[in-house]
Protein chains: 2
Amino acid sequence: MPDTPALGLRDRKRIETRLRIETAAVEIVTAEGLDGATVDMISDRADISPRTFFNYFESKEDAILGTQDMGEVQRAIDAGVAGAETDDLVVAIVSTMFHIFGPMAARTQLKTQRMALVQEHPRLLSRQIHQFTQLNSTMAAAVVQFLNKRETTLPRDPEHVAEIAVATCVASVRIAVKEWIAAGATADIDSMYLRAIGLTRETLNTLQ
Amino acid sequence: MPDTPALGLRDRKRIETRLRIETAAVEIVTAEGLDGATVDMISDRADISPRTFFNYFESKEDAILGTQDMGEVQRAIDAGVAGAETDDLVVAIVSTMFHIFGPMAARTQLKTQRMALVQEHPRLLSRQIHQFTQLNSTMAAAVVQFLNKRETTLPRDPEHVAEIAVATCVASVRIAVKEWIAAGATADIDSMYLRAIGLTRETLNTLQ
DNA sequence: AGCAATAATTGCAGAGACTGCAAAAATGCA
DNA sequence: TGCATTTTTGCAGTCTCTGCAATTATTGCT
């Protein structure tokens with residue numbers, strides 16, 4: 001794990017500004033609702049001009065959701081799925097998703113508040129799904145690696161199977177997250193993780 | 001099947017106008033791209049004022065995607081999943097989806113063109129997923145009915161299992177549709193249906 | 001046919017999201 | 001310090017979408 005390669009003032013400021021915008025966005029939307037929050041208000045609170053807002057985010061929704069550093073996500077996925085010790089695909093996929101989002105959910109108020117907003121506003125949910133679409137195909141690619149590594153015979157269409165498998169796990173995790181938020185976001189992350197796996201298993205049994 | 005309950009001129013015109021807007025939207029977007037098509041252009045071609053456009057659709061994307069009559073969908077779902085002869089849940093769900101969308105895809109150029117647009121433009125895809133979200137919970141409710149009817153033991157969380165099962169099947173169908181479109185949208189619908197079921201099965205085997 | 005109730009269409013004014021462009025400010029580096 | 005590179009900002013403009021009130025069309029009734 002390479003440590004921060006000595007960011008200059010310029011980059012540190014950029015990162016800080018981005019975080020300030022995300023925070024302002026989540027706070028104002030929480031207080032005023034999705035339509036009540038305008039880009040002007042968010043920019044105001046983040047101490048930037050409205051024009052600068054759009055240098056950082058493509059849309060209001062993106063600022064609320066934040067944007068993943070895709071390089072980082074890529075690394076987490078490769079480490080998680082491809083390098084999993086288990087032979088169980090469900091465990092590999094779900095645990096990887098929690099490696100990406102678990103630590104993210106871990107401490108900060110910002111992330112938890114954001115998850116709650118996503119549950120509350122369908123528009124945000126659909127934007128998030130949109131964001132995750134590319135992430136899903138990255139994950140599916142890693143799943144294909146995983147399948148190749150496993151001793152069992154390959155399915156006929158590894159790419160497609162991987163995509164569907166990911167979709168199934170994503171649905172389970174989504175429900176686990178929803179329950180976790182509904183219960184006050186206080187339970188620990190591990191229980192959410194186990195819950196997601198349990199739900200997937202139950203579904204597989206039922207479908208077969 | 002009750003036949004049309006004698007629609008008056010008013011309703012017939014409304015239906016016709018709606019179709020004219022949907023058609024204009026799909027045609028112009030196909031020709032000019034998603035951003036190249038404006039509401040003004042679409043309204044122009046559909047022979048209505050831009051203001052009227054928004055009496056029919058909430059957004060440009062909605063007009064392109066069209067909107068399902070949710071009552072009709074509800075009936076199809078109940079008939080399909082709840083009234084399925086099979087004991088196989090996958091078959092029940094997938095065949096229901098094709099009862100809803102199969103006939104829709106059947107002949108008209110509009111529907112096929114629309115599916116192609118959805119493949120092409122991620123923004124449309126995410127909006128469609130958004131539209132389908134409520135449809136998914138309707139479907140999940142029907143799946144719960146189905147599970148109750150079956151002799152096998154109920155899973156612990158029927159609602160959640162149903163939701164995940166639907167998500168899995170939706171992913172399979174989505175891939176089957178994508179392949180179908182990619183192959184020129186010429187193959188018959190049944191092959192697409194069988195393909196979706198096959199993909200689901202393959203995934204279940206792999207996951208377990 | 002004529003008339004009143006109801007519904008659909010439209011224009012208008014305006015808010016808000018977002019973009020391109022070019023000037024101004026901040027930062028990095030020699 | 002002075003020059004090159006980034007970042008921020010203002011401005012003007014386009015487009016989506018909404019509320020409101022006037023106009024027009026449809027319907028049911030007499």
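Bear in mind that the values here come from a model prediction, so they are computed numbers and not experimental data. Convention: sequence-line order gives letters A, B, ...; per-chain numbering from 1.
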Nearest whole angstrom, please: distance from the [atom2] of [N] to the [atom1] of [X].
X     : N      : atom1 : atom2 : answer
A:R51 : C:dA23 : CZ    : C1'   : 14 Å
B:I21 : C:dA8  : CD1   : P     : 13 Å
A:D40 : C:dA17 : CG    : P     : 7 Å
A:M41 : C:dA17 : CE    : C1'   : 15 Å

Residue pair [X] / [Y], side-chain heavy-atom distance below 4.5 Å:
X      : Y      : value
B:V26  : B:Q109 : no
B:I21  : B:F57  : yes
A:M115 : A:W180 : yes

Let me know, please, whether B:E58 or A:T52 comes out on the 5' side of the other along DNA chain D by nearest nucleotide.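 Here A:T52 is the residue nearer the 5' end.
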Upstream residue (5' side of DNA chain D) when B:D11 and B:S59 are each assigned their closest nucleotide: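 The residue whose closest nucleotide sits nearer the 5' end is B:S59.
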Heavy atoms only, 4.0 Å cut-off, all strands: where does [X] land among base, sugar-phosphate and nothing?
X     : result
B:T38 : sugar-phosphate
B:Y56 : sugar-phosphate
A:A63 : nothing
B:F57 : nothing

Does A:R114 come within less than 4.0 Å of A:E22, counting only side-chain N to carboxylate O?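 Between A:E22 and A:R114 there is a salt bridge, with a charged N closer than 4.0 Å to a carboxylate O.
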Check whether any side-chain N or O of B:R14 sits under 4.0 Å from OP1 or OP2 of C:dA7, and answer yes or no.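 Answer is no, no contact under 4.0 Å.
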Below the 4.0 Å mark, does D:dC17 have OP1 or OP2 next to a side-chain nitrogen or oxygen of B:K60?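 No.
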Of all the choices, D:dT16, D:dT26, D:dG10, which nucleotide is nearest to the side chain of B:V39 once you look at every atom?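 Closest nucleotide to the B:V39 side chain: D:dT16.
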Is B:R10 side chain donor-acceptor paired with the D:dT26 base, going by distance under 3.5 Å alone?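 Yes, the side chain and the base share a sub-3.5 Å donor-acceptor pair.
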